[in-house]
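Note sheet for the following structure.
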Amino acid sequence: MKRISLILLSFLGMIACKEQAKENNTAKETTSVHKKEPKEIQLEKIWETDTLLTTAESVLYDKTRDRILVSNCNQGGWKMDGDGFIAEIDFDGNIKTLKLIEGLSSPKGMALIADTLYVADSKEIAKIDLNTKKIIKRFALEDVEDPQFNDIVKKDETLYISACNAKSIYKIENDSLQLAYKGSLSRPNGLLFRNDSLFVMNSKSQDLKVISKDEQLTTLTKDIGAGDGITKLNKDELIVSDWNGQLFYIDQKFNKKLLLDTQKEGFNSADIQYFEDRNLLLVPTFSGNTVAAYRIKK
């Protein structure tokens with residue numbers, strides 16, 4: 001009887017081990033699904049502007065006038081030297097007006113509300129009347145000497161501005177500049193709203209974070225270089241830039257895939273913009289002094 005009991009226990013133990021092995025294999029398969037490689041996407045370069053641009057940093061579409069505005073820092077990336085300007089190009093890469101708007105210093109991100117252009121200009125936010133091409137107001141902070149304002153994004157009639165040195169997000173609401181978010185950001189740069197969530201590229205921590213409606217901060221994608229620009233590829237997918245010269249595709253699960261690397265050529269990838277209706281990705285090359293255009297190939 002004792003021998004029969006031992007044989008029975010041994011048999012049951014073998015069955016239990018097989019079941020456990022089956023469960024372990026199932027768990028591995030579930031994990032591998034979450035680590036699935038992003039789909040294949042390639043870029044095809046179709047044009048590049050002349051090098052008359054000087055330290056091209058950001059692009060913005062002016063729909064009313066069917067033109068692309070390009071911010072140019074000129075000689076200094078952050079200096080308040082008064083030599084920065086906004087250029088005008090078309091969708092074929094032609095520079096229509098080199099110095100459309102002057103009187104800026106180190107202009108970067110831009111946003112439009114009707115005929116008013118807002119430009120992040122290092123220590124200030126410049127408010128510009130596009131009809132007269134004149135700066136009508138400059139917003140500045142009294143409690144932060146050098147915030148390094150960088151990108152601007154619009155949500156309804158409110159503007160949100162990243163401040164690299166201040167490690168914060170500010171907003172212009174009712175014609176007043178005020179703090180919007182101060183948390184664990186690390187030189188915040190490119191901004192993008194999707195529904196009520198604010199996506200933030202961080203150049204020092206080299207990651208993509210998101211701020212929820214209730215101001216919860218979550219890291220979504222790591223190891224993306226000096227995070228700079230961010231743009232929608234479609235409602236679920238993104239393209240982001242590393243200022244050093246890399247572009248990454250980000251899928252709906254926030255996995256990344258390298259699309260372009262121009263570091264060896266000495267070209268940066270600054271504040272990018274994708275136009276889905278034209279299948280056109282515009283990349284200001286900063287020290288390359290151009291804007292390059294790419295087509296997405298899937």
Side-chain angles (χ1 to χ4, degrees), residues 41-63 65-79 81 83-102 104-112 117 119-122 150-152 189-190 201 203 224-231 233 239-249 258-297:
I41 287 183
Q42 295 180 333
L43 295 180
E44 177 188 8
K45 190 174 182 180
I46 56 174
W47 56 255
E48 189 167 7
T49 65
D50 197 339
T51 55
L52 292 173
L53 300 176
T54 316
T55 322
E57 206 280 338
S58 183
V59 290
L60 177 71
Y61 181 46
D62 179 2
K63 186 176 181 180
R65 299 162 183 82
D66 193 29
R67 63 184 180 182
I68 301 161
L69 302 177
V70 185
S71 61
N72 291 258
C73 299
N74 209 341
Q75 301 303 316
W78 295 106
K79 293 179 180 178
D81 50 16
D83 67 357
F85 61 93
I86 306 298
E88 173 191 2
I89 67 173
D90 62 20
F91 276 104
D92 294 317
N94 301 303
I95 299 174
K96 308 299 288 185
T97 309
L98 181 60
K99 294 188 176 182
L100 180 73
I101 299 168
E102 298 183 88
L104 299 163
S105 290
S106 302
K108 294 180 175 63
M110 301 174 283
L112 270 170
L117 176 68
V119 182
D121 196 19
S122 193
N150 200 318
D151 198 19
I152 306 181
N189 194 333
M201 294 288 288
S203 59
I224 52 176
D228 197 316
I230 177 169
T231 187
L233 180 60
I239 296 177
V240 302
S241 66
D242 160 21
W243 180 85
N244 295 303
Q246 298 183 103
L247 295 179
F248 294 93
Y249 160 70
L258 182 65
L259 288 178
L260 182 72
D261 189 344
T262 58
Q263 294 179 92
K264 289 183 180 179
E265 291 86 345
F267 291 164
N268 306 102
S269 299
D271 193 3
I272 58 178
Q273 183 68 49
Y274 179 64
F275 300 88
E276 188 173 0
D277 58 335
R278 296 173 180 264
N279 187 20
L280 193 71
L281 176 67
L282 298 186
V283 182
T285 64
F286 203 76
S287 57
N289 298 318
T290 64
V291 172
Y294 296 86
R295 182 178 291 115
I296 305 291
K297 296 174 67 178

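Since this is a predicted model, take the numbers as computed values, not measurements.
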- Item | Validation row: Q273, I68 side chains within 4.5 angstrom (heavy atoms) | no
- Distance in Å, S71 OG paired with L104 CG, rounded so as to fall on 0.5 Å steps: 9.0 Å
- Compare every heavy atom of L280 with every heavy atom of A293, then report the nearest pair and how far apart it is. CB-CD1, 3.9 Å
- K99 meets the salt bridge (charged side-chain N to carboxylate O under 4.0 Å, His left out) criterion, sequence neighbours left out, with none
- Task: Heavy atoms only: give me the nearest A226-N244 pair and the separation to one decimal.
- Result: CB-ND2, 3.8 Å
- Item | Separation of L43 CG from L259 CG (nearest 0.5 Å) | 5.0 Å
- Query: Can you check whether N94's main-chain N or O pairs, donor with acceptor, with W47's side chain at less than 3.5 Å?
  - Reply: no
- Note on the structure: d(I239 CD1, L281 CG) to nearest 0.5 Å is 5.0 Å
- From CG (L69) to CD1 (I86), nearest 0.5 Å: 7.0 Å
- Message: Can you give me the closest heavy-atom contact between C73 and E57, atom names plus distance?
- Response: SG-CB, 4.0 Å
- G109 versus S58, closest heavy-atom pair with distance: CA-OG, 3.8 Å
- Check whether any side-chain heavy atom of K108 lies under 4.5 Å from a side-chain heavy atom of D271, and answer yes or no. no
- Message: Which heavy atom of A56 sits nearest to which heavy atom of V70, and what is that distance?
- Response: CB-CG1, 3.9 Å
- Query: Checking D121 side chain against S105 main chain: does a donor-acceptor pair fall under 3.5 Å?
  - Reply: yes
- Donor-acceptor contact present, side-chain N289 to main-chain T55, <3.5 Å: yes
- Query: Is the backbone N or O of D83 less than 3.5 Å from a side-chain atom of N74, with the two atoms forming a donor-acceptor pair by type?
  - Reply: yes
- Can you tell if the side chain of I296 reaches within under 4.5 Å of the side chain of Y274, non-hydrogen atoms only? yes
- Tell me, do R67 and T97 make a side-chain contact under 4.5 Å, heavy atoms counted? no
- After noting the C-alpha distance and the side-chain angles of I101 and V119, does the key distance pass the side chain to side chain contact (heavy atoms under 4.5 Å, CB included) rule? CA-CA 11 Å; I101 299 168; V119 182; over 6 Å; no
- Task: Look at the side chain of S269 and the backbone N and O of S241, then say whether any donor-acceptor pair between them is shorter than 3.5 Å.
- Result: no
- Query: Between S287 and N268, do the side chains contain an N or O donor and an N or O acceptor separated by less than 3.5 Å?
  - Reply: yes
- Query: Do I224 and D242 come close enough that some side-chain heavy atom pair is under 4.5 Å?
  - Reply: no
- Heavy-atom nearest pair, A87 first then L53, reads CB-CD2, 3.7 Å
- Query: Do the side chains of D66 and Y61 get nearer than 4.5 Å, heavy atoms only?
  - Reply: yes
- Give a yes or no on whether the backbone of T285 and the side-chain of T290 come within a donor-acceptor separation of less than 3.5 Å. no
- Message: Check whether T49 reaches the backbone of V291 with its side chain - one donor and one acceptor, N or O, closer than 3.5 Å.
- Response: yes
- Within 6.0 angstrom of K96 NZ, more than 12 heavy atoms from elsewhere: no
- Query: So do L260 and Y294 actually touch side chain to side chain, heavy atoms under 4.5 Å?
  - Reply: yes
- Measure the CE-CZ distance between M201 and F248 for me, rounded to the nearest 0.5 Å. 8.5 Å
- Within the side chain of T262, is there an N or O that forms a donor-acceptor pair under 3.5 Å with the backbone of G245? yes
- Note on the structure: Distance col, row E276:CD vs T231:OG1, nearest 0.5 angstrom, shows 9.5 Å
